[in-house]
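Pasting in a structure now, in structure tokens, and then I'll have a few things to ask.
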Amino acid sequence: MCVPSIAIQRYRELRAAGLSRSAIRRAVATGELHHLRRGVYASADACAEVMIAATHGGALACVSAARHWGLWVLDEPGDVHVWLHHDGHRRHADDPCTCIEHWDEGTRDAFALPSAARVLRQILACAGVEAFFVALESARRAGIVGPAALRWLTSHIGDEGREAVALSRDDADSGLESLLRWRLRHHGLTVRTQVRIASVGVVDVLIGERLIVETDGKANHDSPSLRHKDLLRDAHAALWGYVTLRFDYAMIVHEWELVESAILASVASGHHLVPGR
Ligand SMILES: [Zn+2]
Ligand SMILES: [Zn+2]
Ligand SMILES: [Zn+2]
């Protein structure tokens, strides 16, 4: 992904950087620059999303901007989210355009990414509290939102968002962990990820002391050798008194009721506890 404030340049910025009128024309002819619209150009390393946003009169917003910040985003990339300035215009070329408009007020630096705190607020409003919580924990882990940004955020969101901020941590290991902790938050369970267990290896999620949740799907677990490795891990885990539940990423994201029921049934049987304690 590119750096939008560098990848998108206005004509006058190119001229100020020393490019003559004919040099700009040549750069467009050779593909070093893309001419997006009147007075707006993109460098060759500009990604498609940034070019769409600039062509349509705005900067990246929301989940599209979050990806550029390197934050965890639950869904695969889809339509581009664009921050259109309230005193600007939309300039969608296609009709109907599929980009998703954001119109929240705030000072904006042309085509640069909005601040991470603003991006988080946009996600809360547009994609909901779970997507917000996951992105928030990754921003906190990366040190992108500090105390001042968190204060700004807290004073610009509603109760649900504030609950998420209060629960958020700065040491989450993955979006999946954040999602599991958020969705299991009312059950009083300890949820840890990437826990090393002797003779088993590093497991994705450990609930309590003994319940392992493995999430297949990122790597190809269908191949016979990986399948064999998974079964070996499960056998070793069982040997040491652990119970393993396996879900794929899609189940956790999209079939949560089933996953939650399975986890809670296992917890009800005491599988997460060390026997005798
Ligand atoms: Zn980019
Ligand atoms: Zn959005
Ligand atoms: Zn558009």
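Computed from a predicted model, the values in this text were never measured in an experiment. Both counts, for ligands and for their atoms, begin at 1 and track the order of listing.
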* Asked: With no hydrogens and no angle check, is any side-chain donor or acceptor of Gln9 less than 3.5 Å from a backbone partner on Ile6?
  ->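 Pair found, side chain donor or acceptor close to backbone of Ile6.
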* Asked: Are there any protein N/O/S atoms under 2.8 Å from the Zn ion (ligand 2), and if so, which?
  ->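 Listed by chain and number: Cys62 SG, His81 ND1, His102 NE2, Cys126 SG.
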* Is the number of heavy atoms from other residues, nucleotides or ligands under 6.0 Å of Asp159 CG greater than 12? ->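 Atom CG in Asp159 is not packed in, count stays at 12 or less.
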* Under 2.8 Å from the Zn ion (ligand 1), the protein N, O or S atoms, given as residue and atom ->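 Counting only protein N, O or S atoms under 2.8 Å from the Zn ion (ligand 1), the list reads Cys2 N, Cys2 SG, Cys47 SG, His68 NE2.
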* Look at the side chain of Arg15 and the backbone N and O of Arg10, then say whether any donor-acceptor pair between them is shorter than 3.5 Å. =>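 Not a single qualifying donor-acceptor pair exists.
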* Any side-chain heavy-atom pair of Ser261 and Leu264 under 4.5 Å ->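 Not touching, per the 4.5 Å side-chain cut-off.
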* Asked: Does a side-chain N-to-carboxylate-O contact under 4.0 Å join Asp171 and Arg140?
  ->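 No.
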* Taking the Zn ion (ligand 3) as the reference point, name the nearest N/O/S atom of His56. =>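 In His56, the N, O or S atom with the shortest distance to the Zn ion (ligand 3) is ND1.
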* **Glu177/Arg192 ion pair, N-O < 4.0 Å** =>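 Looking at Arg192 together with Glu177, the answer is no, because their closest N to O distance does not fall below 4.0 Å.
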* Gln122 (side chain) donor-acceptor with Cys62 (main chain) under 3.5 angstrom ->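 Yes, Gln122 side chain to Cys62 backbone: donor-acceptor pair under 3.5 Å.
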* Asked: Is the Tyr41 ring parallel, tilted or perpendicular to the His35 ring (thresholds 30°, 60°)?
  ->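 Plane angle under 30°, so parallel.
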* Asked: Do the ring centers of Trp240 and His236 come within less than 6.0 Å of each other?
  ->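 They do not qualify: ring centres at least 6.0 Å apart.
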* **Ionic contact status for Arg185 with Glu163, cut-off 4.0 Å** =>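 Yes, charged N to carboxylate O under 4.0 Å.
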